[in-house]
Every structure is written in C-alpha cells, then in structure tokens.
Amino acid sequence: MNPVPRPSPVQWLAYTVGRPMPVELREWVRHDLTGPRAGIRHVLRGELVYSPVFVALVLFPGPLWLRGLMVLMALLLPC
C-alpha cells in the first residue's frame, strides 16, 4: 500500500485559507476532514487565520493580563 501523499507547506497554508487541494491529495483531505481528531484540527486551522489579529492584540500597550483577556475574547467570539 502506498503512503498517502502530504501537501507542501504552501499548499497547506492555501488549504487553511480556503483554497482547494489538487486531486492527487484527495485522500489526504478526506482523512483530514473525517479522521481522528478532525474537529480539533478544524478549530485550530480556523484560528490560524486570525493569528495576525492575536499578535496585534498582544502588542497593544497595557498590562499583560489585559492583553491576554483581549486575545481570549477574540478566541471566544466565533463560538
């Protein structure tokens, strides 16, 4: 049995922001969307898109606890 090919980092980042994968990676996509821990991967992939916003919130002036709460609020808003 041949191993399932994996996407390159550039393909994976494009997939993360909504671009379709090539046909030869169809089995990898199927496993990614339905395999074990697919829900966790989906949530983390969705949050990766917002990471520049999280970095910007951490760089705001003010106490660390307040900046941490701003990031937490941004994480919880989509829920």
Side-chain angles (χ1 to χ4, degrees):
M1 183 172 186
N2 293 336
V4 176
R6 296 183 56 90
S8 70
V10 173
Q11 287 175 318
W12 184 83
L13 281 173
Y15 171 69
T16 300
V17 296
R19 299 266 327 217
M21 285 292 209
V23 175
E24 60 269 10
L25 293 172
R26 184 175 292 164
E27 191 61 35
W28 180 87
V29 172
R30 183 185 341 265
H31 179 267
D32 187 57
L33 296 175
T34 62
R37 298 179 297 280
I40 294 170
R41 283 194 301 272
H42 177 70
V43 169
L44 291 176
R45 195 171 39 249
E47 295 299 328
L48 182 68
V49 176
Y50 296 108
S51 60
V53 174
F54 301 152
V55 169
L57 289 174
V58 169
L59 295 176
F60 267 62
L64 184 60
W65 65 268
L66 183 61
R67 293 180 282 167
L69 287 176
M70 289 191 312
V71 171
L72 180 63
M73 182 183 68
L75 280 168
L76 294 177
L77 278 176
C79 294

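Smallest separation of non-hydrogen atoms from Val49 and Thr16: CG2-O, 3.9 Å. Across every non-hydrogen atom of Pro5 and Leu25, the tightest pair is O-CD2, 3.4 Å. The two residues Pro22 and Gln11 have their closest heavy-atom pair at CG-NE2, 3.5 Å.
In terms of hydrophobic clustering, with Ile, Leu, Val, Met, Phe, Trp and Tyr side chains grouped at heavy-atom distances under 4.5 Å, Leu44 and Trp12 are assigned to different clusters. Transitive grouping of hydrophobic side chains (ILVMFWY, heavy atoms separated by less than 4.5 Å) brings Leu69 and Leu76 into a common cluster. Both Leu33 and Met21 belong to a common hydrophobic cluster when Ile, Leu, Val, Met, Phe, Trp and Tyr are linked at side-chain heavy-atom distances under 4.5 angstrom.
In this structure, the side chains of Leu57 and Val53 come closer than 4.5 Å at one or more pairs of heavy atoms. Within the 4.5 Å cutoff, no side-chain heavy atoms of Leu66 are placed close to those of Phe60. Between His31 and Pro36, some side-chain heavy-atom pair lies under the 4.5 Å cut-off.
With sequence neighbours excluded, the residues forming a ring pair (Phe, Tyr, Trp, His ring centres under 6.0 Å) with Tyr15 are Trp28, listed by chain and number.
Separating the CD atom in Glu27 from the CZ atom in Arg30 is a distance of 4.5 Å, to the nearest 0.5 Å. Note that CH2 of Trp65 and CE of Met70 are 10.5 Å apart. Values are rounded to the nearest 0.5 Å. Note that CZ of Arg6 is 9.0 Å distant from CG of Asp32, once rounded to the nearest 0.5 Å.
Atom CZ of Arg26 has 12 or fewer neighbouring heavy atoms from other residues, nucleotides or ligands inside a 6.0 Å radius. In Leu59, the CG atom is crowded: over 12 heavy atoms of neighbouring residues, nucleotides or ligands sit closer than 6.0 Å.
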